[in-house]
Protein chains: 4
Amino acid sequence: MGESRSAGRPRSADKEAAILRAALELLTSQGFVRMTLDQVAAAAGVSKSTIHLRWKSKGNLVTAALEAVRMAEAPPATGDTRTDLVAVLEDFAATVQRVRGMALIGTCLAEETHTPELIALLRERTVLPRRALLGELLERARDRGEIRTDADLEEAVSALLGPFYADYMAGRGGRPAWAEGAVDLVLAGLRPPAAG
Amino acid sequence: MGESRSAGRPRSADKEAAILRAALELLTSQGFVRMTLDQVAAAAGVSKSTIHLRWKSKGNLVTAALEAVRMAEAPPATGDTRTDLVAVLEDFAATVQRVRGMALIGTCLAEETHTPELIALLRERTVLPRRALLGELLERARDRGEIRTDADLEEAVSALLGPFYADYMAGRGGRPAWAEGAVDLVLAGLRPPAAG
Amino acid sequence: MGESRSAGRPRSADKEAAILRAALELLTSQGFVRMTLDQVAAAAGVSKSTIHLRWKSKGNLVTAALEAVRMAEAPPATGDTRTDLVAVLEDFAATVQRVRGMALIGTCLAEETHTPELIALLRERTVLPRRALLGELLERARDRGEIRTDADLEEAVSALLGPFYADYMAGRGGRPAWAEGAVDLVLAGLRPPAAG
Amino acid sequence: MGESRSAGRPRSADKEAAILRAALELLTSQGFVRMTLDQVAAAAGVSKSTIHLRWKSKGNLVTAALEAVRMAEAPPATGDTRTDLVAVLEDFAATVQRVRGMALIGTCLAEETHTPELIALLRERTVLPRRALLGELLERARDRGEIRTDADLEEAVSALLGPFYADYMAGRGGRPAWAEGAVDLVLAGLRPPAAG
DNA sequence: GATGAATGAGATTTCATTCAT
DNA sequence: AATGAATGAAATCTCATTCAT
């Protein structure tokens, strides 16, 4: 006795992980409303009740699944501004493509009215960390005098990432060299005035 | 004789318009799957059957509603590149905000697997026309020597529009002066090399 | 003036006939409940309202359609009892097969609770006339001393027609020579006792 | 350990039986298309979903209900051919009357195009077993020399059962002594030629 | 803890019938 | 007379959630 774990059989951590994985996968492929708990249960190899045992509602489950989403490891920095910015942007694009990220983003946007947690989580776990990464690289570049000292770095970050979304909306997603193009434009646009 | 009207009671154009309006409104606020024909019927003040009389399925109705979506009149051009580009971008942002456009875009993205027509229509009716507008302004600027002759104008268009999406994703939607910032960056980044 | 026909455009007799024909056809192929007025209207080349203009309800229409059903012309009698009985039975079987009669009979039986007129009409227009025909032939045979004077002729008629139904129910419909078999059995069974 | 029952709450056998009973009852009284799952659920005292849990569709349910239909125990044989044949026929007629069998048969016939399983099941479960019973009795009679050795026994079975259907179609269903009449006719018709 | 049964609240779609032209 | 529009009342099937074992 004297043990502190709660009584009874402990919940299987494996099942929990399988459920979350299945939920995220289905959230992406089906969207929030189309995704059914039956599908999740079948994909995770558990019963529907097992899901409800851990999360009170479908919304809670999906929120939990999104909480598990995280920006992957940042690509290693080389010290060269252009190279490093391009690397982060390409990693971003590759990730979005790999996990059908635009569908996931779409679902979160579509549900913003009903379940604002979704887009909030996506922001917190993926968007903002990546922006921070880009921001740091730009800050370093500014400190080195590669870009103007009065540049609005947040605005610059949006200028780096934005073309990806705009391309996708135009049906030009996956355009080669988009990252180089974006980085070059931003660096050129923010180049400090030639010293006098 | 000489009758050209078809026989029987004519279809009410009012009802048709009301249905399409209600469908678009609900598509935006609820998303495709959550939106129900009951809601549409109630909002339009018609019976569900009246909807089915005109469109065979929910998908058809939504497609028709999106077909009615159209980029509004372009803002009048002044001839000044910066002013005109900013005007188009601000009109774009205002429209998106007014019709809760990001939710609509989200729905279309989320449904891309099940109903690819949605995002396709959105592209055709709103995204591409606006890109064409921006492209023409940039072309004019290039002809005037305001931007480099070798600039990739499509890429530039994405650079103009992109920050709007990136800001929204970062939770910075509606940032003041975003349009000016985007235009200035692009114009600066594409400025022709100083003649020497 | 002075004319007795009611005022206004007279109803088209062609349309009326086309509707009844289509209704009977669909009643047979779909059954009463599955048959829709839309189908009837389309098949008859008229509008649904034109149907309602003439018959108050679906039941009325179907009843009218069944009223038009009639046993075809009786095959000409040769005077030979066996030959004539067989001819009537084979004509019966051929008719049933031609118009998918068992499906029609099935519908009328199935609807007996809701619309007893259907089976009643079928009886009156097809079953009873044919039975009368067979009855007359048997009567003639009895008068000639070919069958017993105390034979119950109605019972004999059922014995002639019955095997057709029983075969169908057993999945043996269309068995060759069924009519000869039935006639021979009845004639043998009812043969008068050999005179002393 | 050693547990053989499957996990979870066991499916209620009572409910299952009640649903099937209600379905058969309603199939008979309403016909296939008119019968609704709401009616079945209400009559069985379960929710509609409980029905769908067990049978994927209305068609499946009805098929299952018909599969449960079975010819009742055969009446005990006395050894006397006439008595035993009459007993089987009267049991047949009583059963049909008790369960409003002609309506059920009508539904199955009417649905033959859309759901051929129905009439097939009826054949397999009720028609053919009873025919087999009658066939055996006739075979025994033939072996005893009570009927001709060259008699077609299947044809004879149809001659025994057929009058029931023919009577019903003529509106003479339930005619007293129909069974005796049919048996006597068949036995007389098939009597072996007097030995010389 | 885990499972499968059971359910109530819809959602889409169909259809006989009534209205307006 | 004839047509097409409009409708109300279902009917089948789905799904998140709760119960019983």
Side-chain angles (χ1 to χ4, degrees), chain A residues 6-12 15-16 33-41 46-61, chain B residues 3 5-12 15-16 33-41 45-59 61, chain C residues 6-12 15-16 33-41 46-61, chain D residues 3 5-12 15-16 33-41 45-59 61:
Chain A
S6 63
R9 173 156 35 140
R11 285 193 188 152
S12 156
K15 285 185 205 276
E16 187 142 336
V33 191
R34 262 190 226 275
M35 169 191 114
T36 74
L37 294 187
D38 269 306
Q39 292 170 332
V40 176
V46 302
S47 72
K48 251 192 302 184
S49 305
T50 297
I51 298 176
H52 274 283
L53 204 55
R54 284 152 219 253
W55 298 279
K56 220 161 60 182
S57 70
K58 186 182 178 181
N60 286 353
L61 166 64
Chain B
E3 278 245 325
R5 294 218 340 273
S6 65
R9 175 175 175 180
R11 216 169 258 197
S12 159
K15 284 185 205 285
E16 187 139 336
V33 191
R34 254 190 236 274
M35 168 190 116
T36 76
L37 296 184
D38 263 307
Q39 293 171 331
V40 176
V46 302
S47 72
K48 264 184 293 182
S49 310
T50 297
I51 299 176
H52 277 282
L53 181 62
R54 286 151 214 252
W55 299 278
K56 230 169 37 195
S57 70
K58 186 183 178 181
L61 167 62
Chain C
S6 62
R9 180 169 10 155
R11 286 191 188 154
S12 156
K15 286 184 205 277
E16 186 144 336
V33 191
R34 263 191 226 272
M35 170 191 111
T36 74
L37 293 187
D38 269 306
Q39 292 171 331
V40 175
V46 301
S47 73
K48 251 191 302 185
S49 305
T50 297
I51 298 176
H52 274 282
L53 203 55
R54 285 152 219 253
W55 299 278
K56 221 163 57 183
S57 71
K58 185 181 179 183
N60 287 353
L61 166 63
Chain D
E3 277 246 323
R5 295 214 341 272
S6 63
R9 178 175 174 180
R11 218 169 256 195
S12 158
K15 284 186 207 283
E16 187 139 339
V33 191
R34 252 191 239 272
M35 169 192 117
T36 75
L37 295 184
D38 262 309
Q39 293 171 331
V40 176
V46 302
S47 73
K48 265 184 292 182
S49 308
T50 296
I51 299 177
H52 277 284
L53 179 63
R54 285 150 212 252
W55 299 279
K56 226 166 43 190
S57 71
K58 185 183 177 181
L61 167 63

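Protein chains get the first letters and strands the later ones, always in sequence-line order, with residue 1 at the start of each. Just so it is clear, the structure is predicted and the values come from calculations on it, not from any experiment.
At a threshold of 4.5 Å between non-hydrogen side-chain atoms, the residues Leu37(B) and Leu61(B) count as touching. Contact check for Gln39(A) versus Arg34(A): no side-chain heavy atoms found under the 4.5 Å cut-off.
Following rounding to the nearest Å, Arg9(D) (CZ) and dG4(E) (P) show an atom-to-atom distance of 14 Å. In this structure, Ile51(C) atom CD1 and dT3(F) atom C1' are separated by 12 Å, rounded to whole Å. Per the geometry, CG belonging to Leu53(A) stands 17 Å off P belonging to dA16(F), to the nearest Å. Going from atom CH2 of Trp55(C) over to atom C1' of dT17(E) covers 16 Å, rounded to whole Å.
When all heavy atoms of Thr50(B) and Lys15(B) are compared, the pair lying nearest together is CG2-CD, 4.5 Å. Lys48(A) approaches Ala41(A) most closely through the heavy-atom pair N-CB, 3.8 Å.
With dT3(E), dT21(E), dA2(F) as the candidates, the nucleotide lying closest to the side chain of Thr50(A) is dT3(E).
The distance from atom NE2 of His52(D) to atom OG of Ser57(D), rounded to the nearest 0.5 Å, is 8.5 Å. For the atom pair CG of Asn60(C) and CD1 of Ile51(C), the computed distance is 12.5 Å after rounding to the nearest 0.5 Å.
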How does each nucleotide of nucleotides 11-16 of chain E score, in 5' to 3' order, for protein heavy atoms under 4.0 Å: base (B), sugar-phosphate only (S), or none (-)?
SBBBBB
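Regarding contacts with the backbone of dA5(F), a side-chain N or O of Arg11(B) is found under 4.0 angstrom from either OP1 or OP2.
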Test salt bridge (Lys or Arg N to Asp or Glu O under 4.0 Å) applied to Arg11(C) and Glu16(C), step by step
CA-CA 8 Å; Arg11(C) 286 191 188 154; Glu16(C) 186 144 336; 5.6 Å; no
Secondary structure of DNA chain E per the Watson-Crick/G-U criterion (both distances under 3.5 Å; [ ] crossing, | other strand, . unpaired) is .||||||||||||||||||||
